Amino acid sequence: MNFEDRELYRTGRSTNFGHAAVATSEPLAVQAGLAVLRRGGNAVDAAIATAAVLTVTEPVSNGLGSDAFALIWDGDKLHGLNASGRSPAAWTPERYAGADKIPVNGWGAATVPGAVSAWRALSDKFGALSFGDLLTDAIRIAREGYGVGPITAISWANQVQRFKDSASWRATFMPNGHAPRAGELFKMPGAADALELIAVTGGDAFYQGAIAEEIARQSKAEGGAMTVEDLAAHKADWVDPIEMGAYGVSTHEIPPNGQGIMALIALGLLDRLDLGDDPDGVRALHLEIEAVKLAMADTAAHVADLEHMRISPSDLLDPAYLDERVKLIDPNKAQEPKTGIPQPGGTILLTTADRDGMMVSFIQSNYMGFGSGCVVNKYGVSMQNRGAGFSLDPSSPNIVAPSKRPFHTIIPGFVTKAGGPLMAFGMMGGPIQAQGHAQLVTRMIRFDQPVQAAIDAPRFRCLGGRTVALERHLSAETQAALVAMGHDVQNDAPGVAFGFGGAQAIMRHGEIYAAGSDTRKDGYAGVI
C-alpha cells in the first residue's frame with residue numbers, strides 16, 4: 001500500500017499512524033477519546049467518551065436522543081451491539097390510518113432512544129475505566145460551551161426552516177434567535193445536567209429516572225405516545241455479526257434491522273466480477289453501481305426488525321443465491337434492479353483502537369438532522385425520528401407495530417483477515433452508508449488504496465432505478481461513458497457534499513495503526 005501518495009485526490013491530507021487512534025468528525029471529540037487512552041482507558045472507553053462529546057458538539061447529527069450500534073474486536077473475537085430503540089407500545093398501523101407514510105417531524109416519528117444504553121452496555125462488558133469518568137469532557141464542554149464547527153454550522157442553518165414551528169427545538173438550538181454561526185460559542189446546560197445524571201446513575205436516569213419521566217411528560221403534553229413504560233422496557237442487545245468473504249478478507253456488519261447486509265450483498269457480487277485495474281475507471285464504477293443496485297433491491301424488499309423478517313439474512317448471503325444474482329449484471333449496460341427472492345405471501349461515526357489490539361466501530365444518529373424536532377429542553381434531549389423508517393404497507397415486513405425496531409440506516413463496519421482484526425470503519429450519511437461501505441472496502445482491499453486516499457476518493461450514490469449521483473471529481477469522460485452505458489447520471493444530486501457520506505477508518509499496519517478521516521465533514525484522525 002503506497003502511503004506516500006498524499007494528494008491522489010487533491011485533499012492534501014495524509015494517512016495518520018500511531019500505536020492508538022481515534023477518528024471521527026469533530027476535533028473536541030477526538031481529543032476526549034485520546035485523553036481517555038492516555039490515562040489508561042481502552043478503545044471502548046475512548047469510544048464512549050468520544051460519543052458523549054459528539055452529542056454536544058455535533059447536535060445536528062446526534063444527541064442523547066439518538067440510537068447506536070457498535071462492532072468491537074476485544075483482542076480475540078468480534079462482538080456486535082444493537083442499541084436501536086423500539087416503537088412505543090401504542091404505535092399500531094391504525095394510529096397512522098389515513099397517512100401515506102410515517103411523519104418525519106413530531107412525536108409520531110420518535111422511537112425510544114438507545115445511545116445511552118449503548119454506552120452503558122459497552123462499559124459494563126469491556127470498559128477499563130469507571131463509566132462516570134468517561135463523561136467528564138462532555139459535561140464540561142456542554143456547560144462551558146464550544147465554538148461551532150464550519151460544516152456543522154452550515155448543516156445547523158439548513159434545519160431552521162424545517163423546525164420553524166417547533167418551539168422546543170428553537171429554545172434549545174436557536175438561543176440567540178438564529179442558528180449558531182461558525183465559531184460562535186454554543187452551550188447546552190440542559191445536556192450537561194442530563195450527562196451528569198447519566199454519569200452518576202450509569203444511564204439509569206435516562207430510562208427509569210428523572211430524564212425518562214421528563215421525556216414521557218413532554219411526549220404526553222404534545223400528543224405523543226411514548227411513556228415511562230416504553231423507556232423502561234428498552235434494552236440493548238448483543239448480537240452475532242454477519243459477514244461476507246470478498247477480496248481475501250471478511251467484512252462484518254450488524255444483522256438487521258440495519259442496512260449493513262446491503263454492503264455484504266454488494267461485496268459478494270463484486271467478488272465474483274472482474275473489476276479491472278483502475279478504481280476510478282468506467283468498468284469498476286459501472287460494476288460497483290450495478291452490484292449496489294441489486295443489493296438495494298433485496299434490502300428494500302426484505303430487511304426489517306430481525307424478529308419480523310420473512311426470510312433470514314443467510315438466505316440473502318447464500319453463495320448459490322449470489323451466483324445467480326451476479327448473472328443479472330451486464331458488464332456493458334445499466335439495468336433496472338429487481339428483488340431476487342420473492343415475498344412468501346445516514347449520523348456520527350467514530351472508530352478507536354488501542355495499544356492492546358482492541359478496535360471499535362461505533363455509530364449513533366438522530367436520523368434526519370436533529371431528528372424529530374421534539375426537544376426535551378430541561379435535559380437537552382433532541383428526540384430522534386427513527387420511526388420514519390417504518391412502512392405503512394401491510395405487505396412489508398417493516399410495517400409499523402408496537403415495540404418494534406424500524407429499518408435502520410446507521411451501520412458500523414469491520415474487516416478481518418485470516419481471523420484477525422484488519423480495519424474498523426464506517427460512514428455517515430443515511431442511505432449512502434451501505435453503498436459507501438462497499439466502495440471503501442473495494443478501494444482499500446481490492447485496489448489496495450491508502451486509507452486516506454480511499455476515503456477522499458469520489459463516490460457514487462444510487463438513487464433508484466438507473467439513476468446514480470456522482471461526485472464532481474470524477475472526470476467528464478468517465479461520466480459520459482457511464483451515460484452511454486444507460487446510467488442516468490446526476491452530478492452531485494444529493495445536494496451538499498455530505499450527501500455522499502463522511503467516513504472514518506482505522507486499519508492495522510504492522511504493529512501500529514493507519515487512520516483516516518473525511519474532509520467532507522470536519523473530520524479528524526488523532527493518534528498517539
Side-chain angles (χ1 to χ4, degrees), residues 67 69 80 82-104 108-112 114 225 230 233-237 239-244 253-266 268-269 292-318 321-322 324-325 337-345 365 367-368 384-411 430-431 433-435 437 462 464:
D67 270 352
F69 297 83
N82 182 339
S84 62
R86 296 165 178 84
S87 57
W91 279 20
T92 63
E94 291 72 28
R95 185 177 181 86
Y96 297 91
D100 296 327
K101 58 184 179 181
I102 305 290
V104 297
T111 49
V112 174
D230 292 322
H234 172 77
K235 65 183 182 69
D237 296 317
V239 297
D240 293 325
I242 53 177
E243 66 180 281
M244 174 59 64
E253 302 278 354
I254 298 290
N257 55 315
Q259 65 170 329
I261 194 169
M262 184 199 303
L264 301 186
I265 295 170
L269 295 171
V292 164
K293 283 157 58 176
L294 288 173
M296 287 176 65
D298 274 347
T299 301
H302 303 300
V303 172
D305 187 329
L306 193 58
E307 296 179 359
H308 296 263
M309 284 178 63
R310 297 163 188 161
I311 61 173
S312 71
S314 60
D315 292 329
L316 295 170
L317 300 176
D318 183 81
Y321 177 60
L322 296 178
E324 292 302 312
R325 290 291 272 169
K338 292 181 172 59
T339 184
I341 303 173
Q343 293 283 5
S365 171
Y367 189 27
M368 298 177 184
Q384 65 185 18
N385 63 337
R386 278 294 165 187
F390 280 120
S391 170
L392 293 180
D393 180 356
S395 68
S396 172
N398 190 44
I399 187 171
V400 67
S403 305
K404 180 180 179 181
R405 283 174 163 149
F407 173 80
H408 245 280
T409 56
I410 61 172
I411 50 173
Q433 291 179 46
Q435 301 184 42
H437 280 208
C462 296

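If you read the sequence from its start, that first residue is 1, and numbering goes on from there. Since we're looking at a predicted model, the values are computed, not measured.
Considering only heavy atoms from C-beta on, Arg386 comes within 4.5 Å of Thr409 through its side chain. For the pair Thr92/Val400, no side-chain contact is recorded, criterion being any heavy-atom separation below 4.5 Å from C-beta on. Within the 4.5 Å cutoff, the side chain of Gln259 has no heavy atoms near those of the Val303 side chain. His408 is not listed as a side-chain neighbour of Tyr367, based on a closest heavy-atom distance of 4.5 Å or more. Here the side chains of Leu294 and Ile265 are not in contact, with every heavy-atom distance at 4.5 Å or above. A heavy-atom distance below 4.5 Å is not found between the side chains of Phe390 and Ile399. Side chains of Ile261 and Ile242 form a contact here, defined as non-hydrogen atoms less than 4.5 Å apart.
Under the side-chain contact (heavy atoms from CB on, under 4.5 Å) criterion, Asp237 pairs with Arg86, Lys235, Val239, Arg405, not counting sequence neighbours. Taking Phe407 as the reference, nothing meets the ring pair (Phe, Tyr, Trp, His ring centres under 6.0 Å) condition, with sequence neighbours excluded.
When atom types are taken as modelled, the side chain of Glu253 and the backbone of Ala263 share no donor-acceptor pair closer than 3.5 angstrom.
Using modelled atom types, one finds no donor on one side chain facing an acceptor on the other under 3.5 Å when comparing Ser391 with Asp393.
Atom OG1 of residue Thr299 and atom CD of residue Gln435 lie 10.0 Å apart, to the nearest 0.5 angstrom. Note that CZ of Arg325 and CG of Asp298 are 4.0 Å apart. Values are rounded to the nearest 0.5 Å.
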